[in-house]
Amino acid sequence: RAGTRTPQIRFSPVSEAQRPYLERNGTKSSARNATFTQASFKSSHGGVDPPNPTRRRTSGVHRVVALDVTLEPRDVRAVGQFGHAALVPKDKEAEARSRWSEGHFNVFLSEQIPVDRSIPDTRPPSCAENVVHDDLPTTSVIFCFVDEVWSTLLRSVHSVLNRSPPHLLKEIILVDDCSTKEHLKEQLDAYVSQLPNVRIVRLKERQGLIRARLAGAAVAAGDVLTFLDSHVECNVGWLEPLLERVYMDRRKVVCPVIEVISDKDMSYVMVDNFQRGIFRWPLVFGWSTLPKEQIRKAQMKDSDPIRCPVMAGGLFSIDKSYFYELGTYDKGLDVWGGENMEISFKIWMCGGEIEIIPCSRVGHIFRGENPYKFPKDRQKTVERNLARVAEVWLDEYKDLFYGHGYVHLLDKSAVDVGNLTEQRRLRERLQCKSFRWYLENIYPEMDAPVVKASGLVFNLGTRKCLALQNTSLSFEVCDLNKQNQHFNYTWLRLVRQQDLCLAARAAGTSVSLEPCDNTKALLRWLHKSSNKALVQAGSLGDSVSVKECAPSSPFQKWHFTHYYAQ
Ligand code: UD2
Ligand code: MN
């Protein structure tokens, strides 16, 4: 049975291979002998004090070990060696194309490239001055995967084995999230049994990446958990700088710079400096360059840690006990998506920090599509995850999330976001700060007005303003000093004064006032001339009643005093 043959490992066991390398180059011994004063420590750590000696017994420090057995690759002429682009031979193009969908990247080429290929050391030169402590915590590296391409999975594992100091690598845990190809399970078992400290956890049912990671964490023995996607290549010296930050403060959650392994030619591509993880509405992750002003003010070097409002999600190290203290992930998140927002908000709002460490670099294959199946509808799954995050963490800002295209999620009869009691209780127990605090302190560049418009609501026909008298609506001479003329126009398009909102029952009736309720469509008023929508929502007429839309009528035209967003 050809399909079940165990692939041969073509290199010597890693720990053996590393030892001669270390002795040959003397890296380890000279590093250990180096001594550093407090002052020199501070200057090489971006002004950060050394760890508190009363809290930890601190030993010396050493320069990051540039451990990499692949620096002298077995086969210098191999396809994709040194992270170079690989080329599909003309006569294999059809095959390469047809195999693309197995992983949504060039699976054919991945198989040609050695699982232990060498890649360029892309660390900024100033990383050479960085030092780390001799007694760093150990880590368990957790890869969860479902139907991952074999060659890529192995390359990920080997990159960790080949480029991590063995004494810091407690183990590698592979969590198989119920992959569907049976014969690959046997193959993987056989292959892995020959590798040092690599174990497999098999899930009986598909759990999704969130709960799969938790299954890995549950059996991890290291001090620190390091999560990685299953199609990565860890670069030279990637691990120590991450562990160093966690060692300095266990509430630091740290990410390597995520570089790009091309999905087309498998080349290793370096990314720009000073990139940080951010989000845009409605909770969409993105990258953005640090504001220049900030770089200049802080006199930042390209090797200094970068504070990140949110993490990409896939690659990070976190102190294990801190991960549990934070309540890990929301276990109600399914399959894929949103968990990076959840853990990011939780970390910042509950006293932690997220950093990208430029001296730690890991390549990742960014794929255009998920190569695995979603048990339920993909879009609905991701939306539901995000709604859970918004409901627990966003406070009054959740209107921005729903208002940016997710209004339909408010229809509780159509969408079941599940029970959130436990998550809300956790937030209370940890005494986490507000989302407003997070925006003001961690991500002040984010444009997040809580309402779209506010102030007086001026009517162009009557040249008067809306006013609330007792519980009915009337026109009054505009007066900024009168609180009963002040309204908000919310992200969900409600016109609201405190708890009362304007309602459009039916054409021909007067506008009624009802308790505000984001789920009620008849409370939504659209501004600007989107005719179709206007007709649906009705409009305010001259006696504050609802009429058919007449776009040219000044009595149907309104202005708020302030507009914060379109
Ligand atoms: C990014 C993250 C990813 C995750 C995701 C949002 C990076 C580089 N990647 O998407 O880690 O945070 O955003 O959720 O930051 N997997 C399972 N079971 C599943 C689905 C996925 O084990 O049901 C595995 C998958 O094999 C892979 C990992 O989870 O190893 C992440 O999935 P992805 O690579 O499809 O996510 P990606 O990189 O598009
Ligand atoms: Mn990925």
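Side chains are part of it too, since the values below use all heavy atoms of this structure and drop only hydrogens, waters and symmetry mates. Start at 1 and go down the list; that is how both ligands and their atoms are numbered.
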Which protein non-hydrogen atom lies closest to [atom], naming both residue and atom, and how far is it?
{"atom": "atom 29 (O) of ligand 1", "value": "L209 CB, 3.4 Å"}
{"atom": "atom 37 (P) of ligand 1", "value": "W336 NE1, 3.7 Å"}
{"atom": "atom 1 (C) of ligand 1", "value": "A312 O, 4.2 Å"}
{"atom": "atom 30 (O) of ligand 1", "value": "S230 OG, 2.7 Å"}
{"atom": "atom 9 (N) of ligand 1", "value": "D229 OD2, 3.0 Å"}

Under 3.5 Å between some N or O of ligand 1 and some N or O of [X]?
{"X": "C144", "value": "yes"}
{"X": "L315", "value": "no"}
{"X": "G314", "value": "yes"}
{"X": "P371", "value": "no"}

Just which atoms of ligand 1 are under 4.0 Å from any heavy atom in [X]?
{"X": "G208", "answer": "18 (N), 19 (C), 23 (O)"}
{"X": "R367", "answer": "33 (P), 34 (O), 35 (O)"}
{"X": "H364", "answer": "8 (C), 38 (O)"}
{"X": "V335", "answer": "19 (C), 20 (C), 23 (O)"}
{"X": "N370", "answer": "35 (O)"}
{"X": "D177", "answer": "17 (C), 18 (N), 19 (C), 22 (O), 23 (O)"}

With a 3.5 Å cut-off and no angle check, do the side chains of [X] and [Y] form a donor-acceptor pair?
{"X": "S118", "Y": "D68", "value": "no"}
{"X": "E233", "Y": "S156", "value": "no"}
{"X": "R163", "Y": "T70", "value": "yes"}
{"X": "D147", "Y": "T180", "value": "yes"}
{"X": "Y268", "Y": "N235", "value": "yes"}

Checklist entry - Would R367 and E148 count as a salt bridge (charged side-chain N to carboxylate O under 4.0 Å, His left out) if you check the C-alpha gap in whole Å, the side-chain angles of each, and the deciding distance to 0.1 Å? => result CA-CA 12 Å; R367 307 174 291 191; E148 185 58 78; 3.7 Å; yes

Checklist entry - If you measure from each heavy atom of Q207 to ligand 1, is any distance below 4.0 Å? => result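 The answer is no, since Q207 has no heavy atom less than 4.0 Å from ligand 1.
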
Checklist entry - What N, O or S atom of H231 is found closest to the Mn ion (ligand 2)? => result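 Atom name returned: NE2.
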
Item to check | Atom name in D229, limited to N/O/S, at shortest distance from the Mn ion (ligand 2) | outcome: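 Sorting the N, O and S atoms of D229 by distance to the Mn ion (ligand 2) puts OD2 first.
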
Checklist entry - Does the pair E391/R427 count as a salt bridge with the N-to-O cut at 4.0 Å? => result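 No.
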
Item to check | Within reach of ligand 1, part of M311 (heavy-atom separation under 4.0 Å) | outcome: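 No part of M311 comes within reach of ligand 1.
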
Next on the checklist: Counting only heavy atoms closer than 4.0 Å, does ligand 1 sit against the backbone of E369, its side chain, both, or neither?
Outcome noted: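 Near ligand 1, E369 shows nothing, with every heavy atom at 4.0 Å or more.
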
Next on the checklist: Can you check which of F316, Y372, F145 brings a heavy atom nearest to atom 32 (O) of ligand 1?
Outcome noted: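 Nearest option to atom 32 (O) of ligand 1, by heavy atoms: Y372.
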
Item to check | Option set E339, H104, H231, E148, criterion heavy-atom distance to atom 12 (O) of ligand 1, minimum | outcome: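 Nearest heavy atom to atom 12 (O) of ligand 1 lies in E339.
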
Checklist entry - Is the ring centre of Y397 less than 6.0 Å from the ring centre of Y438? => result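 No, they do not, as the ring centres are separated by 6.0 Å or more.
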
Item to check | Sub-2.5 Å SG contact, C127 and C359 | outcome: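 A disulfide, yes.
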
Checklist entry - Once the angle between the rings of F279 and W281 is folded into 0 to 90°, is it parallel (under 30°), tilted (30 to 60°) or perpendicular (over 60°)? => result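 Rings of F279 and W281: perpendicular, as their planes differ by over 60°.
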
Checklist entry - Between Y191 and W150, how do the two ring planes meet: parallel, tilted or perpendicular, split at 30° and 60°? => result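 Perpendicular, since the angle between the ring planes exceeds 60°.
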
Next on the checklist: Quick check for you: to the nearest 0.5 Å, what is the distance between W336 atom CH2 and N370 atom CG?
Outcome noted: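 The CH2 atom of W336 sits 6.0 Å away from the CG atom of N370.
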
Item to check | Identified ring-ring contact (aromatic ring centres under 6.0 Å, His included) partner of F435 from the options F345, W393, W348 | outcome: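 Exactly one option meets the ring-ring contact (aromatic ring centres under 6.0 Å, His included) with F435, and it is F345.
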
